[in-house]
Amino acid sequence: MTAVTIPGVEHAPTTHEPLLSWVREVAELTTPDEVVWVDGSDAEWERLTAKLVDAGTFTRLEKKPNSFWCASDPGDVARVEERTFICSHEPSGAGATNNWMHPDEMKAIMTELYRGSMRGRTMYVIPFCMGPLDAEDPMLGVEITDSEYVVVSMRIMTRMGTRALERFVDADGTERRYVQALHSLGAPLAEGQTDVAWPCNETKYISHFPEDRVIWSFGSGYGGNALLGKKCYSLRIASVMGRDQGWLAEHMLILKLTSPQNRTYFVAAAFPSACGKTNLAMLQPTIPGWKVETIGDDIAWMRFGEDGRLYAVNPENGFFGVAPGTDWHTNPNAMRTIAKGNSVFTNVALTDDGDIWWEGMGEPPAHLTSWKKQDWTPDSEELASHPNSRYCTPIEQCDTKAAEWDDPNGVPISAIFFGGRRATTIPLVTESRDWQHGTFMGATLSSETTAAAVGKVGVVRRDPMAMLPFIGYNAGDYFRHWIEMGKRADANKLPRIFYVNWFRRGEDKRFLWPGFGENSRVLKWAIERIEGTAAATETEIGWVPGVDDLDLTGLDANKEDIEASLRVDPEEWRAEIPLIEEWFDKIGEQLPTTLRDELAALKQRLG
């Protein structure tokens with residue numbers, strides 16, 4: 001690491017003048033004790049993790065190599081959507097689903113918050129790349145932060161450091177554009193002041209300036225609020241870039257599916273956070289002869305290739321997965337991945353022998369240290385792990401990663417799945433009639449809220465394409481962009497679109513579908529639909545399989561439950577119509593008329 005005396009950047013490891021100027025400007029504003037350019041080396045990791053252990057932020061895990069446990073401040077545990085802003089020049093640029101503030105006003109507020117905010121701390125400059133470094137046009141960014149936790153997490157989640165910085169200036173001296181991401185914990189230290197294990201600030205802003213491709217974050221050290229390459233860059237800013245340049249940035253896993261006949265398909269799937277994306281991305285099929293390999297578990301950037309097909313790239317380098325519920329039954333491949341170490345575990349429980357535990361991992365030990373750093377026993381009234389606790393681990397060590405996981409050209413997508421968590425109404429799987437109808441399905445996707453965001457859990461809300469918190473511009477324009485992408489393409493080469501719901505419940509509240517590895521049976525049916533070998537029934541909402549159309553061989557489940565999971569109840573759907581109308585009214589004038597046409601057609605079919 002190269003230390004730089006403030007405010008100069010004379011010893012900076014780059015000649016990229018706009019970057020140097022910005023670093024100098026931020027250092028003068030935030031007044032850190034020193035400026036360090038991150039290099040991404042093993043020695044740097046060892047130095048920073050040791051510093052975090054000394055600070056009480058990290059506890060070294062005896063049972064997992066090169067891995068650490070940490071607990072956040074109880075007030076800094078999830079995305080803070082009410083403090084997340086899209087600062088377009090006009091309110092219409094943000095639309096009805098985003099919080100908006102004029103860029104000048106937001107920058108004035110946050111500039112004062114940043115003033116002196118890094119006093120007593122080190123300012124780290126993290127050059128990083130979203131997606132493969134060897135891409136023809138690498139998607140570069142720089143995050144400036146005063147958080148060592150962010151630096152080590154970004155090392156796992158992105159391609160960062162010296163290797164990324166080398167792509168900022170071409171051999172001919174051309175300086176590449178990059179996304180500016182500024183982050184501060186908002187916890188300056190006075191001389192002699194003792195630090196806390198998890199510094200943060202009650203005042204929080206996560207602000208995006210889409211026209212400038214700039215992100216400013218203040219006050220939170222947790223997750224997508226602070227790891228600015230993730231939701232902020234890869235979804236909110238990238239969605240605007242995709243709109244402007246003709247591609248899609250989506251909250252989707254990408255998996256590779258190989259049939260017993262050795263035919264390969266790639267599937268993208270959009271589910272809200274904590275609804276099973278990682279489990280599906282690492283699926284262990286229960287049907288003999290089928291194989292799933294992992295491309296990515298959270299984000300897909302999709303562009304049309306020269307052959308007219310839609311190709312997807314995973315911009316991330318690691319998994320930032322929800323821990324509770326992940327176990328040897330639900331996701332054995334994730335468990336094997338984290339067992340290899342090189343990981344950071346946040347807000348899970350710590351065992352007395354130096355390992356981690358969370359709800360869902362079987363019987364708990366007799367004693368744990370909870371995520372609140374309190375003694376915990378099975379008799380304790382509170383959970384040992386926070387419901388949004390996370391593991392952060394490299395994709396590279398995942399046994400099921402596909403050979404194509406970091407291919408800069410991406411993989412051709414055959415099917416797109418939308419899905420949410422609904423106890424009623426939505427059947428196990430529905431195939432859309434065409435791309436426009438599939439866009440309608442995605443635009444009206446609904447799900448019960450989870451602990452991944454601050455707020456009440458279990459409330460049904462519309463979450464279009466599982467992107468509600470992540471669309472970086474007007475949602476109506478976002479839907480129009482989806483429709484226009486379909487219109488520009490050869491309809492025969494577009495991915496088929498399906499809508500799934502693993503979470504439908506019976507009258508006694510039990511899940512009707514066993515889920516997890518059994519979801520491979522739904523994937524198989526979808527692939528057979530693409531191949532033209534599987535049957536389905538046309539219903540008011542799309543094409544739905546009957547219980548005999550799914551391969552249920554060897555499935556230990558009640559056939560009546562499976563039938564109930566596939567049922568399309570016109571009464572339930574008639575009750576859904578006014579909720580969709582209310583949602584479309586909220587989007588307002590920017591809603592494409594084609595989506596209102598789809599709604600009118602649905603109403604007519606329901607009678």
Side-chain angles (χ1 to χ4, degrees), residues 257 265 267-270 413-420 422-446 464-465 479 482-483 486-487 489-504 512-513 518-552 559-581 583-584 592-607:
L257 185 62
Y265 298 87
V267 176
I413 300 299
S414 296
I416 291 173
F417 280 57
F418 295 122
R422 287 293 300 270
T424 65
T425 313
I426 311 297
L428 174 64
V429 59
T430 310
E431 181 185 358
S432 71
R433 292 177 170 81
D434 52 32
W435 180 271
Q436 181 174 297
H437 181 228
T439 301
F440 172 79
M441 283 180 164
T444 57
L445 190 154
S446 57
M465 285 76 167
F479 299 150
W482 264 80
I483 291 167
K487 286 180 178 178
D490 179 341
N492 295 318
K493 294 181 178 180
L494 282 169
R496 301 275 274 274
I497 297 178
F498 301 83
Y499 192 147
V500 297
N501 176 26
W502 319 126
F503 303 99
R504 195 160 178 177
L512 296 170
W513 176 250
E518 306 299 353
N519 294 340
S520 57
R521 301 174 188 275
V522 175
L523 290 177
K524 179 187 178 188
W525 177 79
I527 294 306
E528 290 172 344
R529 289 292 293 169
I530 293 168
E531 293 177 339
T533 59
T537 300
E538 187 172 12
T539 73
E540 294 90 342
I541 64 169
W543 295 93
V544 177
V547 69
D548 294 327
D549 299 325
L550 296 176
D551 183 349
L552 303 180
K559 188 173 181 180
E560 287 72 27
D561 281 356
I562 307 303
E563 288 178 333
S565 77
L566 292 164
R567 185 173 299 133
V568 177
D569 185 332
E571 281 303 312
E572 288 184 335
W573 275 96
R574 290 187 192 103
E576 194 82 0
I577 292 296
L579 303 178
I580 296 174
E581 289 177 328
W583 165 239
F584 280 179
T593 56
T594 48
L595 294 187
R596 290 203 183 274
D597 293 343
E598 287 288 342
L599 178 58
L602 174 59
K603 290 166 67 174
Q604 186 174 24
R605 289 192 296 270
L606 289 168

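No experiment lies behind these values; they were computed from the predicted model shown. Excluded from the calculations below are hydrogen atoms, water molecules and symmetry mates; all remaining heavy atoms, backbone and side chain alike, are included.
Closest of all the heavy-atom pairs between Glu431 and Trp525 is CB-CH2, 4.2 Å. Taking all atoms of both residues into account, the shortest heavy-atom contact from Thr425 to Trp573 is O-NE1, 3.3 Å. Taking each heavy atom of Ile562 and Leu512 in turn, the nearest pair found is CD1-O, 3.9 Å. Across all non-hydrogen atoms, the minimal contact from Leu257 to Leu523 is CD2-CB, 3.9 Å. Nearest heavy-atom pair across Leu550 and Pro545 is CD2-CG, 4.1 Å. In terms of heavy-atom proximity, Arg521 sits nearest to Glu518 at NE-OE1, 2.7 Å.
Atom CD1 of residue Ile577 and atom CD1 of residue Ile580 lie 5.0 Å apart, to the nearest 0.5 angstrom. For the atom pair Thr537 OG1 and Asp549 CG, the distance stands at 6.0 Å (nearest 0.5 Å). Interatomic distance, CD of Glu576 versus CG of Leu599, reported as 10.5 Å (0.5 Å rounding). Taking OG1 of Thr444 as the start and CD1 of Ile541 as the end, the distance is 10.0 Å to the nearest 0.5 Å. The line from CD of Gln436 to CG of Asp597 is 7.0 Å long, rounded to the nearest 0.5 Å. Here the CD1 atom belonging to Ile497 is positioned 5.0 Å from the CD1 atom belonging to Ile416, to the nearest 0.5 angstrom.
Taking the side chain as every heavy atom from C-beta outward, Val544 and Val429 never approach each other to under 4.5 Å. Considering only heavy atoms from C-beta on, Pro464 stays 4.5 Å or farther from Leu445 through its side chain. Side-chain atoms of Tyr499 and Ser432, non-hydrogen and from C-beta on, never get closer than 4.5 Å to each other. When side chains are defined from C-beta on, Val522 counts as touching Phe417, because their heavy atoms get closer than 4.5 Å. The closest side-chain heavy-atom distance from Asp551 to Glu528 is not below 4.5 Å.
Electrostatic pairing of Glu572 and Arg567 does not count as a salt bridge here, judged by no charged N lying under 4.0 Å from a carboxylate O. Under the 4.0 Å criterion applied to side-chain N and carboxylate O atoms, Asp569 and Arg574 are not assigned as salt-bridge partners.
Listed for the Asn501 side chain is a donor-acceptor partner under 3.5 Å among the backbone atoms of Ile426. A donor-acceptor pair is defined here as one N or O able to donate and one able to accept, closer than 3.5 Å; no such pair exists between the side chain of Trp435 and the backbone of Ala489.
A tilted orientation is assigned to the rings of Phe418 and Trp482, their planes being inclined by 30° to 60°.
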Derivation and outcome, side chain to side chain contact (heavy atoms under 4.5 Å, CB included), residues Phe479 and Met465: CA-CA 9 Å; Phe479 299 150; Met465 285 76 167; 4.1 Å; yes
Tell me, with the steps shown, if Arg422 and Ser446 meet side chain to side chain donor-acceptor pair (under 3.5 Å). CA-CA 7 Å; Arg422 287 293 300 270; Ser446 57; 2.4 Å; yes
Walk me through it: do Trp513 and Asn519 pass the test side chain to side chain donor-acceptor pair (under 3.5 Å)? CA-CA 9 Å; Trp513 176 250; Asn519 294 340; 2.7 Å; yes
Between Lys559 and Asp548, does the salt bridge (charged side-chain N to carboxylate O under 4.0 Å, His left out) criterion hold? Intermediate values first, please. CA-CA 10 Å; Lys559 188 173 181 180; Asp548 294 327; 3.4 Å; yes
When you look at Val500 and Leu428, which way does the side chain to side chain contact (heavy atoms under 4.5 Å, CB included) test go after all the steps? CA-CA 5 Å; Val500 297; Leu428 174 64; 5.9 Å; no
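The cationic atom of Arg529 (NZ for Lys, CZ for Arg) lies less than 6.0 Å from the six-membered ring centre of Trp543 and within 45° of the ring axis.
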Sequence neighbours left out, cut at 3.5 Å: what donor-acceptor pairs do the side chains of residues 600-607 make with other protein atoms?
| from | atom 1 | to | atom 2 | distance (Å) |
| --- | --- | --- | --- | --- |
| Lys603 | NZ | Glu581 | OE2 | 2.8 |
| Arg605 | NE | Glu540 | O | 2.7 |
| Arg605 | NH2 | Glu540 | O | 3.2 |

